[in-house]
Amino acid sequence: MQTFERPKIEYTGISKTIAEIAVVVAKIAGPILRRLAWFVFFGVIIFGCAFVWAVGRFVNPLVPWIVRDIIVVAGGLGFVSLVAMVGIWGERKVSGHIQSRLGPMRTGGWHGWLQSLADGLKFVQKEDLIPASADQPLFRLAPYIALVPVICAYVVIPFGASWVFRDRDVSLLFVLAMLGIEVLGVILGGWASNSKWSLYGAMREACQLVSYEIPMGLSLLVPVMAVGSISLVQMGKAQSGGWFNWLMFQNPFLFFAFFTYYIASLASCKRAPFDLPEGESELVAGFHTEYSGFRFVMFFFAEYAAMFAVSAIATIVFLGGWNSPVGDATSGPLWFVAKGMFLVWVQMWIRWTLPRIRIDQVMHACVKYLLPFTMILFVGSSVWQLYGSQFIFYTRFILGGLGLVMVGLFLAGAGYGYVNRGRLVGRLARKHLPGA
Amino acid sequence: MIGLTHYLVLSAILMVLGLAIIISKRNAIAILIGVEFILNAANLNFIAFSRHGIGGISGQTAGIFVIVLAAAEAAVALAIFLNFYHQISSIDIDRGNQLKG
Amino acid sequence: MTESGRFLIGILLFAAAGVALGLGALLFGKLVRPRNPGGMKDEIYECGEPTVGPAWVQFDLRFYVVALLFVVFDVEIAMLYPWAVIYKSLVAQGIGVAAFWEMMFFFGLIVLGFLYLWRFGYLDWVRATGDEET
Amino acid sequence: MIETILFYIFAMIMVVSGLAILVSTNIVRMAYWLIGMLLAVAGIYFLLGAYFLGVVQIIVYVGGVAVLVVFGVMLTSRQLASQLLPRAWEVVWLICVTGIFLAGLVRMILKGPWAGNVKQSPQTVAEIGRSLLGNFIGPFELASVLLLVVLLGAAYLARPRVPTLGIKK
Amino acid sequence: MKEIEIHAQPDLLHEGEIASDIRTEELLVNMGPQHPSTHGVLRVVLVTDGELILKATPHIGYLHRCAEKIAENVSYRQYTPYTDRMDYLAAMNNNLGFALAVEKMGGIEVPERAQYLRVIFAELNRIASHLVAVGSYGLDMGAFTPFLYCFREREWIVDLFESVCGARLTYSYITIGGVREDIPEGFVSQCKEFLDFFEPKIREYNDLLSYNHIFINRTGNVGVCPADMAIGYGLTGPCLRGSGVKWDLRKNTPYCKYDEFDFDVPVGDGRFGAVGDCWDRYFVRVMEMTQSVRIVRQALERLSDGPVSAKVPRMLKLPAGEIYFEVENPRGQLGFYIVSEGGNSPYRLKVRGPSFCNLSVLEGLAKNCLLADIAAMIGSLDVVMGEVDR
Amino acid sequence: MTVLEIVDILKHRFGADLVGSVVEGTHPHVVVRAEKLVSVCEFLRDDEKLRFDLLRCVSGVDWMGKNLIEVSYDLISIRFGHALAVKVILDRAKPQVETVSGIWQAANWHEREAFDLVGVQFVGHTDLVRILMPEDWVGHPLRKDYQDPVEYHGLKVKP
Amino acid sequence: MQYFKNIYQAVRTIAAGLRVTLPYHFARTVVVQYPEVEPVLQKRYRGFHAYQIERCIACEACAKACPANCITVAKTGPRKMDKGRDIAVGGAMTEYRINHSTCLLCGLCTEVCPTECLKMGSIHDNSCYRREDLVTDYVQLAKEGRRTILPIWLTKVNLAGWAVKARDYWRNLDSDKRELMMKADDADYCKKLAEAGE
Amino acid sequence: MALIEGIFEPGLAVTSVDWVLNWARKRSIFPMTFGIACCAIEMMAAGASRFDLDRFGAGAFRATPRQSDLMIVAGTVTFKMADRIRRLWEQMAEPRYVMAMGACSISGGPYHLHGYHVVKGVDLVIPVDVYVPGCPPRPEALIEGLIRLQEKIGTHTIAKTRDNFGLKKKL
Ligand code: SF4
Ligand code: SF4
Ligand code: SF4
């Protein structure tokens with residue numbers, strides 16, 4: 001039987017020494033690293049936090065601002081990449097566990113945490129195909145138009161009260177605007193491919209995104225009205241003090257606005273059940289059918305970065321941003337990232353539960369349900385602004401309680417699953433082995 | 001240092017470009033694009049004036065109205081154009097059918 | 001260095017970072033990725049069949065009407081934001097009611113238009129049958 | 001200094017976009033050049049401290065109008081893409097006319113006594129709001145009438161007229 | 001910069017099919033043979049106007065494996081494995097159909113225990129097959145998770161099958177004259193354990209998929225196939241019952257002791273739209289799983305001791321003559337038309353694949369629907385290409 | 001209704017056009033003259049007492065020794081639950097028969113298949129092209145004298 | 001009214017769906033972590049054949065029964081069973097090939113074997129890089145002292161400790177059947193038998 | 001052929017680069033959604049919960065050939081299908097791998113003898129990297145085939161494999 005053995009290579013001279021040392025190091029470090037994979041994983045996270053802290057502490061006072069900016073940009077890009085990578089890996093893990101399977105397990109040892117890196121590196125090595133009859137320059141341009149604005153959106157997103165790269169008094173709208181440009185990249189990609197599936201994907205995307213921008217904007221008007229500012233930092237600052245101070249619990253219209261915003265943001269991120277532009281079972285891969293290699297990764301990257309961006313806005317605008325739910329002592333970027341990631345997780349949870357909507361129903365849902373609903377929210381909220389301030393105590397009490405009930409239900413469901421973890425899937429249930 | 005004149009000249013260039021596009025193209029959408037150029041040139045002036053102390057905040061407010069107008073104009077113009085185009089093409093199709101007998 | 005310049009520089013830096021990410025990976029990929037054109041590779045994919053004609057045809061109109069509608073709403077919302085920002089302070093000043101009705105006039109008209117469109121079926125994505133040219 | 005560079009960058013983008021549209025024969029590319037121009041204008045707005053306008057420019061123009069234009073392009077059939085290049089004598093004529101026009105304009109601008117050259121601090125959204133509800137309350141409400149008319153008119157003009165193909169509900 | 005050439009449009013207008021005053025251009029789109037929602041290598045050529053489908057023409061034959069020709073060259077016994085591979089999701093039922101046809105022609109008596117075993121496995125396989133149908137229908141609708149849940153439960157059934165006959169997909173278990181081997185020890189209790197586990201899971205699928213509002217909107221009132229159309233196109237099985245026709249060979253012409261069992265024949269009732277829409281066809285399958293569970297329980301009760309196979313000569317020769325025999329497969333009526341000249345292989349064997357007939361209705365259904373509805377229709381017909389093309 | 005009764009009705013109605021009938025055994029059928037097939041089928045479908053509404057199968061059999069091709073139509077009545085097959089016997093050199101796809105739509109694909117594999121010509125069929133084999137294939141594989149082509153699109157057909 | 005009912009229905013059913021999937025997040029999985037743990041083979045699994053050359057009488061019944069014609073048998077002279085020693089004697093087997101690239105693992109060949117020397121083994125994997133490698137000559141194997149092909153995953157080295165444990169467990173499990181394929185331990189015995197006829 | 005391929009002599013740096021590149025390729029094999037016949041069911045089962053190809057990073061089934069690395073030919077290849085398979089394979093972006101799953105795609109399998117419409121092995125149409133026999137192969141066998149493919153990918157090197165005269169070097 002023919003087998004593939006790695007060809008043995010003879011090393012000589014200095015490289016021999018290096019090779020020997022490398023082998024020794026690998027032999028010693030490998031098992032240790034494998035054992036410590038868990039710690040390494042969290043170590044990286046902790047190190048990242050420390051790094052950011054150090055940046056805030058020591059880099060900020062640096063005089064040549066351009067140097068400081070470049071450091072922050074590197075950090076920002078790193079964060080976005082991290083979000084995208086963790087998002088893609090997390091998506092596979094979450095979907096796996098929802099579906100009674102494990103998801104990536106091998107790449108990198110502990111639960112396949114390096115999977116996204118391997119995917120990325122693989123796609124770098126993929127041949128870069130451009131169909132001959134496609135519109136070549138536009139085909140090349142499209143991924144950038146999709147990716148760059150999403151990254152730009154992070155310019156104004158505050159991670160903490162002073163953890164923001166640039167804050168202007170229009171930052172909320174700025175994020176919306178940036179997310180709006182992404183559509184153009186997708187349309188362009190779909191159109192330039194000259195493939196029919198791509199064209200369908202692009203048209204659907206354009207139709208869907210343009211229309212869902214309206215309920216999104218309208219539901220964001222509600223908190224803007226309540227705070228009196230479009231600046232994300234201002235909005236975050238207005239909610240310190242505890243979970244009952246979060247905007248979501250201030251009045252019933254805000255409470256519902258959170259949900260309408262969240263639904264609209266699902267649509268604008270092309271997440272299920274609104275993932276028609278790339279709906280696999282109808283359009284083969286939607287607008288990126290013809291894209292291969294890293295250009296495809298850029299679309300993907302943009303999607304996950306946008307997912308976190310919209311979740312971040314939801315966090316800041318409705319869920320208190322970086323403020324901790326209990327008191328102000330622990331408020332900080334970690335809370336912000338945790339809440340944002342939780343919302344991203346909910347997006348995944350929804351995606352792996354629901355079927356896909358049909359395009360006419362997408363439009364129907366937007367025009368006939370979401371849009372009138374947000375209109376009512378908007379008008380109602382402005383009336384509330386006039387007359388409702390005396391009920392603030394009750395609303396906080398009731399809505400805050402409602403929020404707690406929802407969290408409680410969530411925990412109950414999770415707990416039910418955990419308690420019955422051996423029984424839920426029947427006799428086939430298995431414990432999993434580490435690292436395999 | 002960039003002063004008001006710079007902006008004005010830029011806006012003039014923009015406007016002339018728009019004009020050239022309108023004149024040279026015989027496609028309705030291209031003409032629409034030209035109009036957008038001219039509107040943007042005008043808007044640029046508004047903002048530049050506002051920033052340089054002429055008219056205060058009104059410049060920006062007017063700018064918003066210009067954008068509103070532009071959007072409205074684009075919507076209507078494209079609608080008219082599409083309508084027109086479909087009339088034409090339907091006539092064509094009819095003629096084609098007649099020819100086929 | 002003014003404030004606005006810094007803002008722009010910030011955006012451009014992030015944009016540059018985004019471009020660098022894509023371009024860098026693609027350029028690096030050029031080193032390590034194979035290129036092997038020829039055959040049917042550069043054809044358009046269509047589930048394994050040869051394609052019939054380009055995809056650049058005149059597409060369905062339905063999409064268009066929706067987009068049209070929403071451009072108008074886009075503008076509308078853009079104009080409502082400044083109002084929303086000062087509304088709170090106006091209420092505090094005690095002239096909230098006037099501001100409210102000013103907005104309601106503005107907003108109400110559009111809602112009227114919206115209701116009209118709804119009533120006469122312009123919002124139905126696929127329109128009901130047989131209403132060709134009344 | 002930085003502003004100067006940025007200004008010229010944006011100016012360059014605008015001019016290049018305009019010229020590219022002039023010489024292009026592909027209408028989709030024209031639309032994307034238009035988007036480039038619009039983004040550059042938004043950049044200039046940012047440079048001028050008019051953040052709100054810049055953002056509105058992007059949302060309405062790039063996210064709305066440009067999408068509309070791209071749609072319009074895709075909805076029309078290919079044959080319209082012919083006749084996009086001017087003929088030779090037209091080019092000459094064009095250059096003459098626009099050149100003279102531009103020269104006149106620039107001369108006027110340079111000569112013009114522009115009083116205010118003082119820079120103001122950037123204006124906030126709240127100020128815009130106040131002016132909208134103050135001086136500009138009339139146009140503000142009129143705009144809504146305009147939008148209403150546009151909404152109805154455009155929807156009427158471009159209503160889909162695909163007969164008897166709907167899904168029976 | 002390379003500019004795009006302006007291609008002249010090929011004339012895609014089909015005369016007389018499309019009203020002349022449609023102004024948008026038609027696109028001719030190939031869906032398949034490699035497409036995620038065509039369930040194998042089906043190719044559907046769509047004439048579309050934007051998102052609207054004007055006409056859909058299925059093209060088949062990409063998996064034509066010459067099963068009928070092979071039958072003329074191998075002996076009856078050797079042909080059993082080939083029947084596995086026709087409707088590979090319900091190999092037991094295919095084995096059963098072939099075995100019954102041959103037995104009926106050769107006048108072979110099958111022992112009682114074997115008959116009950118046959119029923120048990122046919123029904124278990126019906127559950128397994130419907131699980132795949134239900135799950136992959138979810139997949140067509142964009143819900144990935146129900147698909148994997150269904151496959152998870154199916155694995156258990158497959159394990160049961162494997163413990164009995166040693167294969168996961170191509171069982172060849174039901175042979176001419178009976179079944180191949182007796183069931184192993186403990187099978188009955190394992191089977192009961194599975195049934196107890198499985199029944200409540202059906203409710204879970206309903207929560208997750210069947211009653212989901214999005215799912216109902218996607219499938220209700222889509223692809224409506226009225227009863228007369230269904231009968232005219234020769235639809236059978238769940239597709240026919242989904243149109244409200246109460247017709248099930250297990251009840252109407254019982255074979256294999258099916259008349260002893262107490263079960264219902266679920267039919268579509270148009271709960272979320274018209275009778276015979278995709279949801280009805282889908283839900284008939286879900287309800288049939290419950291009925292199959294009932295049948296298996298009863299059959300397990302009746303299982304008595306005895307031989308599991310009749311004595312059949314190794315080189316079986318059938319008398320000259322012919323037979324047409326049908327059984328109720330998960331997808332419809334599977335028919336075997338065997339013409340024998342007395343040799344040890346058939347002179348001519350023709351298989352009536354239920355999917356073959358079910359698929360032919362697609363052209364009638366898919367008119368003036370949306371692109372996404374095509375996936376819903378193909379999925380609700382639940383075709384297996386191995387059987388369509390044979 | 002038993003097969004015997006059905007055959008009686010048919011005999012009564014069509015007389016000599018009914019070439020033969022088998023009522024016993026595993027495959028009861030009637031044999032009709034090819035020219036009369038359509039009217040027999042129409043009668044079978046429409047008669048109040050028969051109502052054969054479901055066409056189950058159309059199968060062609062090549063009897064090379066007898067130089068015949070036999071096409072058999074298996075019918076079942078969902079209304080009454082009785083079944084019958086109708087057969088026509090055709091000349092092997094020129095196997096032509098009127099299509100029944102106007103009577104049962106199900107016949108459309110079945111007849112295409114019979115054409116594809118056995119080579120029966122169905123006159124009046126709207127779309128009589130190969131259904132399973134590629135369009136440019138030579139020969140009808142289920143004929144007994146079928147020879148595999150040596151090559152198809154550059155691939156050897158025989159192992 | 002229908003309007004609000006729709007909203008209610010949508011919210012209710014979506015919540016029902018979410019309720020179903022939420023517990024599964026935290027429940028156990030059903031994954032068989034295959035290369036590290038044993039495959040889930042049932043006892044009767046029909047895998048690639050196991051062949052006892054010492055009892056084969058080269059009657060070719062198996063070859064005739066095979067629908068895919070994938071067995072070829074060659075011998076130097078007639079062989080017959082020696083009841084006392086329970087081995088076949090006579091001419092030597094020169095070739096007993098099963099072409100696993102066409103075999104459909106139907107088991108018909110094992111049913112007809114008069115001496116029950118051909119069995120469906122429990123080897124499930126035989127993947128390789130060349131098509132020719134799929135033709136298994138069991139006589140050759142017997143010369144190497146094996147009755148069936150070696151499963152690939154058992155030949156792997158560098159397994160983690162617990163994986164080795166799992167593997168050993170699997171090896172010992174059900175050892176009576178395993179004996180057939182792991183007869184390699186007794187190489188001399190088989191080799192002798194393979195050459196016995198010569 | 002990549003730009004840097006076949007330029008450098010084998011050495012430590014080259015092998016480390018190889019290792020990194022192959023690590024990524026190995027760990028992230030996206031198969032194409034391409035089921036033809038019965039074997040496809042087992043392929044699905046391998047991707048489903050019980051066996052979970054995703055553990056190896058190979059669970060992301062892509063429907064378009066442009067983004068997939070591995071074409072699992074799972075089922076019988078007929079003459080009508082052969083052209084399409086060829087086209088799909090050609091439209092895949094390099095590096096691409098083909099796995100012939102099941103007897104049918106290896107050699108025509110059960111239809112080898114009398115199947116007038118069955119291609120006798122998909123390797124007559126496209127080059128195959130790994131053959132996985134069985135009818136159908138168990139999911140475990142498919143996983144084993146995948147591991148074999150990973151082993152094969154692991155031997156890819158960017159080093160010079162030909163000497164200056166263009167002859168294949170012995171490594
Ligand atoms: S049937 Fe048994 S004894 Fe006869 S040749 Fe085959 S393996 Fe040997
Ligand atoms: S298992 Fe079946 S195909 Fe394989 S050798 Fe035995 S009889 Fe032949
Ligand atoms: S190898 Fe067997 S299981 Fe796989 S496709 Fe062929 S016949 Fe079906």
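A note on names: the letters A, B, ... follow the listed sequences, proteins ahead of strands, and every chain is numbered from 1.
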Could you tell me whether H/Lys80 and E/Asp389 have a side-chain N and a carboxylate O separated by less than 4.0 Å? no
In terms of heavy-atom proximity below 4.5 Å to chain H, should E/Gln78 be classed as side chain, backbone, both, or neither? neither
Would a 4.5 Å heavy-atom cut-off, applied to side chains only, mark H/Pro139 and E/Arg168 as touching? yes
Starting at CZ of H/Phe61, measure out to CZ of E/Phe144 and round the result to the nearest 0.5 Å. 8.0 Å
Could you look at H/Met32 and say if it's the side chain, the backbone, both or neither that has a heavy atom under 4.5 Å from chain E? side chain
Salt-bridge present (H/Arg50, E/Glu153; N to O < 4.0 Å): no
Interface residue of largest heavy-atom contact number with chain E, from H/Leu113, H/Val118, H/Leu88, under 4.5 Å: H/Leu88
Residue pair H/Ile41 / E/Arg154, side-chain heavy-atom distance below 4.5 Å: yes
Dump the intermediate steps for side-chain contact (heavy atoms from CB on, under 4.5 Å) on H/Ser49 and E/Glu155, then the final yes or no. CA-CA 9 Å; H/Ser49 306; E/Glu155 279 296 324; over 6 Å; no
To the nearest 0.5 Å, tell me how far H/His117 NE2 sits from E/Lys69 NZ. 14.0 Å
If you round to the nearest 0.5 Å, how far is CG of E/Leu169 from SG of H/Cys38? 6.5 Å
Contacting region of E/Phe151 [heavy-atom separation from chain H under 4.5 Å]: side chain
Give, for atom CE of E/Met385 and atom CD1 of H/Ile36, the distance between the pair rounded to the nearest 0.5 Å. 12.0 Å
Interface check, chain E: of H/Ala45, H/Ala37, H/Gly35, most non-hydrogen pairs under 4.5 Å belong to H/Ala37
Chain H contacts, top residue of E/Gly61, E/Ser136, E/Ala91, E/Gly386 (heavy-atom pairs, under 4.5 Å): E/Gly61
In terms of heavy-atom proximity below 4.5 Å to chain E, should H/Phe51 be classed as side chain, backbone, both, or neither? side chain
With distance as the sole criterion, is a donor-acceptor pair present between the side chains of H/Thr76 and E/Arg65 under 3.5 Å? yes
Atom NE2 in H/His114, atom CD1 in E/Ile70: separation rounded to 0.5 Å? 7.0 Å
Output, in order, the C-alpha distance, side-chain angles, deciding distance and verdict of side-chain contact (heavy atoms from CB on, under 4.5 Å) for E/Leu63 and H/Met81. CA-CA 8 Å; E/Leu63 192 55; H/Met81 195 65 202; over 6 Å; no
Is the distance from the ring center of E/His64 to that of H/Tyr116 below 6.0 Å? yes
Among H/Pro136, H/Cys104, H/Ala82, H/Gly108, which has the most heavy-atom pairs under 4.5 Å with chain E? H/Pro136
Heavy-atom proximity to chain H below 4.5 Å, by part of E/Ile60: backbone
Counting heavy-atom pairs under 4.5 Å to chain H, which of E/Pro81, E/Cys66, E/Ala67 comes out on top? E/Cys66
So which part of E/Asp159 gets closer than 4.5 Å to some heavy atom of chain H, the side chain, the backbone, both or neither? side chain
